[in-house]
Amino acid sequence: MQSAAIPFSENFDSQTDFDQLWKDDSFNSLRSYSIENNHLKITTRAARNDRVKAHTRHKDFGVGTYSWRIFVPVFEENARCSIGAFLYHSGKPAYEFDFEIGSGKPQLRDELHAQPDDAVVYCTSQSHPFASEEFKVKMDEWSDFKITLSDVGGRYLIKWFINNQLVKTLQTDVKTKVKFSAYCSLENLSFMGTKWPTQEHYVLFDRFTFQQ
């Protein structure tokens, strides 16, 4: 079994290791995830507000590089379903830096000139300051999502990368003494679409890594 020490690498090839290194955080939703064929598979149900999430038991991640390799499936058009790859600090105040990936609402898809095979990607800092920009990624393909946190004057500078392309940079007011857990999720969230899903959705995570 691998250690939870830094650097942290998870290839999702063992249910036993996953259960020891990750913790459920699915609110009142079903724990609808498992290790299948060396991937973490997460599902959500139709017509439900499922919020299925798992996070690293290690909560002291800070400056460094966070990488997720994710299979983005074909989403039901405009469905309220979102893949999450994000960092979260649960203190007071809470802090969160996100990738959220889904079909997106029609107006946003139009603004981004999204093609039928494009998903929408939100790159967001939830506070201090709040900032969000939206980009595109292909559905029915594997893609790489990366967040880097660096120390600028004792506060985090964040960079978001999609398939090794830098898409967003943000200087935050969040002090580098704040530490995070890393999350993998699939949630039926209202901001992502105009209708609740009428079918089951899924996502596959191939790996998550952190390096200082």
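Start at 1 with the first residue, then count along the sequence. Scope of the values below: all heavy atoms of this structure, side chains included, with no hydrogens, waters or symmetry mates.
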- prompt: Can you name the residues that form a side chain to side chain donor-acceptor pair (under 3.5 Å) with K138, not counting sequence neighbours?
  reply: D117, D118
query: Any side-chain heavy-atom pair from N78 and R109 closer than 4.5 angstrom?
result: yes
query: Does L112 offer a backbone N or O that forms a donor-acceptor pair with the side chain of K136 under 3.5 Å?
result: yes
Spacing of NZ belonging to K146 relative to CG belonging to N164, to within rounding of 0.5 Å: 5.5 Å
task: Ignoring hydrogens and angles, tell me if any N or O in the side chain of S125 forms a donor-acceptor pair with the backbone of S127 under 3.5 Å.
output: yes
message: Could you check whether any side-chain heavy atom of F12 comes within less than 4.5 Å of a side-chain heavy atom of C184, counting everything from C-beta outward?
response: yes
- request: Please test D98 against Y88 for side chain to side chain donor-acceptor pair (under 3.5 Å), starting from the C-alpha separation and ending with a verdict.
  value: CA-CA 9 Å; D98 301 271; Y88 182 67; over 6 Å; no
task: Mind checking side-chain contact (heavy atoms from CB on, under 4.5 Å) for T176 and listing every partner two or more places apart, or none if nothing turns up?
output: V63, D151, Y156
message: Taking V120 as the starting point, is it possible to reach I101 by hopping between hydrophobic residues whose side chains are less than 4.5 Å apart?
response: no
Test: K179 and D60 ion pair at under 4.0 Å: no
message: For residues I83 and I147: do they belong to one hydrophobic cluster (side chain heavy atoms under 4.5 Å, members Ile, Leu, Val, Met, Phe, Trp, Tyr)?
response: yes
Residue list, side chain to side chain donor-acceptor pair (under 3.5 Å) with W68, at least two apart or on another chain: none
- prompt: Do F61 and F210 have their ring centres less than 6.0 Å from each other?
  reply: yes
message: Suppose we screen for side chain to side chain donor-acceptor pair (under 3.5 Å). Which residues come up paired with T209, at least two apart in sequence or across chains?
response: none
message: How close do C123 and V167 get, counting heavy atoms only, and between which atoms?
response: SG-CG2, 4.0 Å
task: Return the set of residues passing side-chain contact (heavy atoms from CB on, under 4.5 Å) with S185 (not counting sequence neighbours), or none when no residue passes.
output: K53, F86, E187
- prompt: Do you reckon L21 sits in the same ILVMFWY cluster as L40, going by side-chain contacts under 4.5 Å, direct or chained?
  reply: yes
- prompt: With sequence neighbours left out, which residue pairs that include part of residues 160-170 fulfil the salt bridge (charged side-chain N to carboxylate O under 4.0 Å, His left out) condition?
  reply: E133-K168
- prompt: Do any N or O atoms from the side chain of N49 and from the backbone of L189 form a donor-acceptor pair under 3.5 angstrom?
  reply: no
statement: Rounding to 0.5 Å, atoms NZ (K23) and OG1 (T56) come to a distance of 11.0 Å
Point-to-point distance, once rounded to the nearest 0.5 Å, from NE2 of H89 to NZ of K177: 9.5 Å
Close side-chain approach of E134 to L108, heavy-atom, < 4.5 Å: yes
- request: Could you tell me which residues satisfy side-chain contact (heavy atoms from CB on, under 4.5 Å) with Q15, sequence neighbours excluded, listed by chain and number?
  value: F18, D19, S34, I35
Ring pair (Phe, Tyr, Trp, His ring centres under 6.0 Å) between F145 and Y66, worked out: CA-CA 8 Å; F145 299 86; Y66 304 80; over 10 Å; no
message: Can you classify the ring geometry of F180 versus F97 as parallel (below 30°), tilted (30 to 60°) or perpendicular (above 60°)?
response: tilted
- prompt: Is there a donor-acceptor pair under 3.5 Å between the side chain of H39 and the backbone N or O of N37?
  reply: yes
task: Please name all residues satisfying side-chain contact (heavy atoms from CB on, under 4.5 Å) with K159, sequence neighbours left out, ordered by chain then number.
output: T148, L157, F161, L166, T169
message: Is it the case that over 12 heavy atoms from other parts of the model lie below 6.0 angstrom from the CD atom of Q171?
response: yes
- request: State, with a plain yes or no, whether a side-chain heavy atom of Y33 is found less than 4.5 Å away from one of L186.
  value: no
message: Heavy-atom count check: over 12 atoms from other residues, nucleotides or ligands less than 6.0 Å from K175 NZ?
response: no
- prompt: Is there side-chain contact between T172 and I158, with at least one heavy-atom pair below 4.5 Å?
  reply: yes
query: Which other residues end up in the same hydrophobic cluster as F130, if Ile, Leu, Val, Met, Phe, Trp and Tyr are linked when side-chain heavy atoms come under 4.5 Å apart?
result: none
query: Closest approach of S67 and T65, non-hydrogen atoms and distance?
result: OG-CG2, 3.9 Å
message: Could you check whether H128 and Y95 have their ring centres less than 6.0 Å apart?
response: yes
message: Return the CZ to CG distance between F205 and N11, rounded to the nearest 0.5 Å.
response: 14.5 Å
query: Honestly curious: do V137 and F75 fall in one hydrophobic cluster under the side-chain, below-4.5 Å linking rule?
result: yes
query: Heavy-atom distance under 4.5 Å between the side chains of F135 and I162, does that happen here?
result: yes
field: Pairs where residues 198-212 contributes a residue and the test salt bridge (charged side-chain N to carboxylate O under 4.0 Å, His left out) is met, not counting sequence neighbours
entry: D144-R207
query: What are the two closest non-hydrogen atoms of S82 and M192, and how far apart are they?
result: OG-CE, 3.4 Å
task: May I ask you to test the V72-V203 pair for a side-chain heavy-atom distance under 4.5 Å?
output: no
field: Under 3.5 Å: donor-acceptor pair, side chain of S29, backbone of D50
entry: no
task: State whether the side chain of S132 and the backbone N or O of T124 hold a donor-acceptor pair below 3.5 Å, judged by distance alone.
output: no
query: If you round to the nearest 0.5 Å, how far is CE of M139 from CD of Q115?
result: 10.5 Å
query: Would you say K195 and E76 make side-chain contact, with heavy atoms under 4.5 Å?
result: yes
- request: Might you work through the ring pair (Phe, Tyr, Trp, His ring centres under 6.0 Å) test for Y122 and F191, ending with a clear yes or no?
  value: CA-CA 11 Å; Y122 284 76; F191 82 90; 5.0 Å; yes
More than 12 heavy atoms of other groups within 6.0 Å of Q211 CD: no
query: With a 3.5 Å cut-off and no angle check, do the side chains of E77 and S103 form a donor-acceptor pair?
result: no
- prompt: Which residues pass the side chain to side chain donor-acceptor pair (under 3.5 Å) test with R80, sequence neighbours left out?
  reply: none
query: Which ILVMFWY residues can you reach from Y202 by hopping between side chains whose heavy atoms are under 4.5 Å apart?
result: F71, W142, L204
field: Connected via hydrophobic side-chain network under 4.5 Å: I42 and Y183
entry: no
Closest heavy-atom pair and its distance - S181, H58: OG-O, 3.6 Å
